[in-house]
Novice: 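Below you'll find the structure I mean.
Order of the sequence lines sets the chain letters (A, B, ...), proteins ahead of strands, with each chain counted from 1.
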Amino acid sequence: MGRGKAGPSQYCQRTVSSDDTPLDDIHSGSGLVAEKAKRLQKLDDLRHQGTNPYPYRFDRTTTLGALRKEHGTLEPGTETEIQVAVAGRVMLLRDSGKLIFATMRDRDDEVQLFISKAVVGDEAFDAIKGLDLGDWVGAHGTVMTTRKGELSVKVERLELLSKAVRPMPDKWHGLTDTDTRFRQRYADLIVNDEARKNFRVRHEIIASFRRTLHGRGYIEVETPVLHVEAGGAHARPFITHHNTLDMQLYLRIALELHLKRLIVGGMERVFEIGRIFRNEGISTRHNPEFTMMELYQAFADVEDVIEITETLITQAAIDATGTSVVTVFRPDGGSEEIDLAQPWRRARMIDLVEEATGVAVHPSQPVEDLRALAAQHGVSVNPRWGSGKIIEELFEATAEHTLIAPTFVTGHPVEISPLARVDRNDPHLTERFELFVGARELANGYSELNDPVEQRLRFEDEQAAKDAGDAERGTVDEDYLRALEYGLPPTGGLGIGMDRVAMLIAGVNSIKEVILFPTLRPEAF
RNA sequence: GCCCCUCUAGCUCAAUGGUUAGAGCAGUGGACUUUUAAUCCAUUGGUUCAGGGUUCGAGUCCCUGGGGGGGCACCA
């Protein structure tokens, strides 16, 4: 806080007229510079009249949504005595001489302001004529409807709450330029209903997840973003540095290893919704930072987390949009409607590959056989890869694009699943699933490997692959192994990509539509 | 990193290689007391992303660079 000296702040002293630019030059024309100059001049004029164009607060009595809910059914031509105070942004102005109609919008609705010269008086009416599209205003008045039945507030007193000195985008077409929409998300949100809707849906999904999980006794936790080792997934990390400790740190690429430490600690059911960071490409499905929900449940296995996955996503769709029917985009550019309330398909990865190639595959097969099959299907193979990794590559090349309706792909090879428990019926596979919808991976879960001796061996295989040049492979996390040595109960774990769930339920085809500020190259100013 | 597309007024968009780059909205001036993207009359506003080049002539064609989009690669 500054010292409470009375009088205007030093920052208010600067005026348009103190600028070097000749006013005549700046006030002519209507480019951006001229428009801003005109509006800045209005600020000067208001201050000289003793009006603060940026007052500190406004006490509204109702929101526009509540106003419509309460009075939306009034007959046309109704005048009431009901006094209200509303606040919002001026989106449209219709001036018909001694009567001005303004469309005011607040967070959840729009209502018309009916401003009559005879009601507010000549002086106030002239001031209102100085309003610009985009200004924030507060209005005191009574509830009425026009002859045509438009719900309105008949304004008795109007207060400028904040002057917009930059003009709004096109009042009808809004903003369409993607560059501007993503860089200036504030402008996108002001004018594009669709953008506001998408982020509302995202919020409802996350709220729904929390409700479902709280209802099942999960505890929400927060674990470190700065990691000494970037584990829990195969991805390239962002690297940063801590000055005081003088050490390299990584931004997390997964939540997994810390959350499972908490299960060791006896918390039994934990989840975290958090940002993770992967130093990889940007696309319609990838942003370098994105939001993951991971949960871990003691005494559960992969079957339990499959059930939770289906419930979480279907319930979120219902909570966010009122229906379990979603539009799924196919890789071929088409789309189809799918009801998430229908049972979701389950198929083993090896069976999907066999379905697509006509050849039975299994990680126990000699790697040469699988290399030959990969070659037949144009899948290039790294010589370091074993049979399991090649099967995964074959799956991605031949089967993944066909998985439009929700499908749990199960039984991933051990080689590509260093933290998952081996299948109780097949030592070459794991008790694992990945959920695909619209050929996109949305979730990943498994029965957690809790044998510290086996986990060490798996980590050592990861370390060996990393040392051999595979930057995305993992390392031996000694502290995690120490935790496992204390005893991790049988545990089921799950990770869900929240951005992709939001894309699915909002019905959009780009991750940038559900991330408020997607990663972009810096703008040149 | 590679390939394709794109960039024109504050916003949304026009403009066969050929006058001085045009519209709508926003803005400005005027009319109007029930409008609904109000309407009507008048009107201001341009480094056509930047820099080169070809040409008598470039917003338009070519090259280089930049932003964005899409695809590929990368990506449990």
Novice: Rounded to whole angstrom, note down the C1' distance from C40(B) over to U35(B).
Specialist: 14 Å
Novice: Would you mind telling me which of C25(B), U35(B), C75(B) lies closest to the side-chain atoms of Thr146(A)?
Specialist: U35(B)
Novice: For RNA chain B, list all stems, counting runs of three or more consecutive pairs where every pair is Watson-Crick or G-U wobble with both distances under 3.5 Å.
Specialist: B:1-7 with B:66-72, B:10-13 with B:22-25, B:27-31 with B:39-43, B:49-53 with B:61-65
Novice: Heavy atoms from C-beta onward define the side chain here; which of A38(B), U35(B), C74(B) lies closest to that of Glu280(A)?
Specialist: C74(B)
Novice: Separation of Asn287(A) atom CG from C74(B) atom P, in whole Å?
Specialist: 20 Å
Novice: For U34(B), does the base pair up with any side-chain atom of Ser152(A) as donor and acceptor (N or O, under 3.5 Å, distance only)?
Specialist: no
Novice: For Ala235(A), answer base if it contacts any base atom (sugar-phosphate contacts may also be present), sugar-phosphate if it contacts only those atoms, and nothing otherwise; contact means non-hydrogen atoms under 4.0 Å.
Specialist: sugar-phosphate
Novice: Taking the same atom, C1', in U12(B) and in C41(B), what whole-Å distance lies between them?
Specialist: 24 Å
Novice: Is the phosphate of G68(B) approached by Arg521(A) (side-chain N or O, under 4.0 Å from OP1 or OP2)?
Specialist: yes
Novice: Can you check the Asp95(A) CG to C40(B) P distance for me, whole Å?
Specialist: 15 Å
Novice: For atom CZ of Arg384(A), is the number of surrounding heavy atoms from other residues, nucleotides or ligands below 6.0 Å larger than 12?
Specialist: yes
Novice: Given side chains that start at C-beta, do those of Gln41(A) and Asp45(A) come closer than 4.5 Å, heavy atoms only?
Specialist: yes
Novice: Between Leu133(A) (CG) and G10(B) (P), how many Å, whole number?
Specialist: 17 Å
Novice: If only side-chain N and O atoms of Lys98(A) are considered, is one of them under 4.0 Å from the OP1 or OP2 phosphate oxygen of U34(B)?
Specialist: no
Novice: Suppose you measure atom P in C4(B) against the same atom in C75(B); what distance do you get, rounded to whole Å?
Specialist: 24 Å
Novice: I want to check something: taking the side chain as every heavy atom from C-beta on, are Thr407(A) and Leu435(A) in contact at a cut-off of under 4.5 Å?
Specialist: no
Novice: In this structure, how many angstroms lie between the P atom of C11(B) and the CE atom of Met91(A), rounded?
Specialist: 16 Å
Novice: For a quick test of reading the model: is some side-chain N or O of Arg236(A) closer than 4.0 Å to OP1 or OP2 of C74(B)?
Specialist: no
Novice: Does the side chain of Arg278(A) get closer than 4.0 angstrom to OP1 or OP2 of C75(B) through an N or O atom?
Specialist: no
Novice: Going by distance alone, is a donor N or O of one side chain under 3.5 Å from an acceptor N or O of the other, for Glu272(A) and Thr223(A)?
Specialist: yes
Novice: What I want to check is whether the side chains of Ser447(A) and Glu431(A) have a donor and an acceptor closer together than 3.5 Å.
Specialist: yes
Novice: Roughly how far apart, to the nearest Å, are U20(B) and C3(B) at atom C1'?
Specialist: 40 Å
Novice: Could a donor-acceptor pair under 3.5 angstrom be found where the side chain of His286(A) meets the base of C75(B)?
Specialist: yes
Novice: Going by distance alone, is a donor N or O of one side chain under 3.5 Å from an acceptor N or O of the other, for Tyr296(A) and Glu294(A)?
Specialist: yes
Novice: Salt bridge between Arg473(A) and Glu460(A), side-chain N to carboxylate O under 4.0 Å?
Specialist: no
Novice: Is there, by distance only and without an angle test, a donor paired with an acceptor across the side chain of Glu150(A) and the base of U35(B) below 3.5 Å?
Specialist: no
Novice: In whole Å, measure the gap between the C1' atoms of U48(B) and G10(B) for me.
Specialist: 16 Å
Novice: Tell me: CD of Gln184(A) to P of G67(B), nearest whole Å?
Specialist: 17 Å
Novice: Checking contacts here: which listed nucleotide (G70(B), C72(B), C75(B)) is nearest the side-chain heavy atoms of Arg285(A)?
Specialist: C72(B)
Novice: Under 4.0 angstrom, heavy atoms only, what part of the nucleic acid is Thr178(A) near: base, sugar-phosphate, or nothing?
Specialist: sugar-phosphate
Novice: Determine the Euclidean distance between corresponding P atoms of C61(B) and G18(B); express it in Å to zero decimal places.
Specialist: 11 Å
Novice: Looking at Thr103(A), does any N or O in its side chain come under 4.0 Å of the phosphate oxygens OP1/OP2 on A38(B)?
Specialist: no
Novice: Count the heavy atoms of every other residue, nucleotide or ligand shown that sit under 6.0 Å from CZ of Arg157(A), and state whether that count exceeds 12.
Specialist: no
Novice: For the side chain of Lys171(A), starting at C-beta, report the closest nucleotide among U12(B), A37(B), G10(B).
Specialist: A37(B)
Novice: Expressed as a whole number of angstroms, how long is the span from Trp172(A):CH2 to U12(B):C1'?
Specialist: 13 Å
Novice: Do the side-chain N or O atoms of Thr176(A) get closer than 4.0 angstrom to the phosphate oxygens (OP1, OP2) of U12(B)?
Specialist: yes
Novice: How many angstroms lie between CD in Glu150(A) and OG1 in Thr103(A), if you round to the nearest 0.5 Å?
Specialist: 7.5 Å
Novice: Pick base, sugar-phosphate or nothing for Arg183(A), based on heavy-atom distances below 4.0 Å to the nucleic acid.
Specialist: sugar-phosphate
Novice: Report the residue (Leu175(A) or Gly149(A)) whose heavy-atom-nearest nucleotide on RNA chain B is the more 5′ of the two.
Specialist: Leu175(A)
Novice: Out of U12(B), U33(B), U35(B), which nucleotide sits closest to the side chain of Leu99(A)?
Specialist: U33(B)
Novice: Answer with base, sugar-phosphate or nothing: what part of the nucleic acid does Pro518(A) contact at a heavy-atom distance below 4.0 Å?
Specialist: nothing
Novice: Answer with base, sugar-phosphate or nothing: what part of the nucleic acid does Lys512(A) contact at a heavy-atom distance below 4.0 Å?
Specialist: sugar-phosphate
Novice: Using a 4.0 Å heavy-atom cut-off across all strands, classify Gly495(A) as base, sugar-phosphate, or nothing.
Specialist: nothing
Novice: Using a strict threshold of under 4.0 Å (side-chain N to carboxylate O), is an ion pair present between Arg39(A) and Glu35(A)?
Specialist: yes
Novice: Can you figure out which of U28(B), G67(B), U35(B) approaches the side chain of Gln112(A) most closely?
Specialist: U35(B)
Novice: Going by atom types alone, do Glu434(A) and His412(A) pair a side-chain donor with an acceptor below 3.5 Å?
Specialist: yes
Novice: U35(B), C13(B), G68(B): which one has an atom nearest the side-chain heavy atoms of Leu520(A)?
Specialist: G68(B)
Novice: Between Lys129(A) and Glu396(A), which residue's closest nucleotide on RNA chain B lies nearer the 5′ terminus?
Specialist: Lys129(A)
Novice: Mind calculating the distance between CG (Asp177(A)) and P (C49(B)) to the nearest angstrom?
Specialist: 12 Å
Novice: If you measure from the P atom in G51(B) to the same atom in C13(B), how many Å do you get, rounded?
Specialist: 25 Å
Novice: Expressed in whole Å, how much space separates the C1' atoms belonging to A38(B) and C62(B)?
Specialist: 49 Å
Novice: Measuring to OP1 and OP2 of A38(B), would you say a side-chain N or O of Arg94(A) lies under 4.0 angstrom away?
Specialist: yes
Novice: Hey, are the side chains of Leu92(A) and Gln112(A) touching, using non-hydrogen atoms and a 4.5 Å cut-off?
Specialist: no
Novice: Can you find a donor-acceptor N/O pair under 3.5 angstrom joining the side chain of Asp170(A) to the base of G10(B)?
Specialist: no
Novice: Classify Gly388(A) by what it touches in the nucleic acid, base, sugar-phosphate, or nothing, heavy-atom distance under 4.0 Å.
Specialist: nothing
Novice: Rounding to a whole Å, what distance do you find between Ile190(A):CD1 and G10(B):C1'?
Specialist: 13 Å
Novice: Indicate, with a heavy-atom threshold strictly under 4.0 Å, whether Ala187(A) touches base, sugar-phosphate, or nothing.
Specialist: nothing
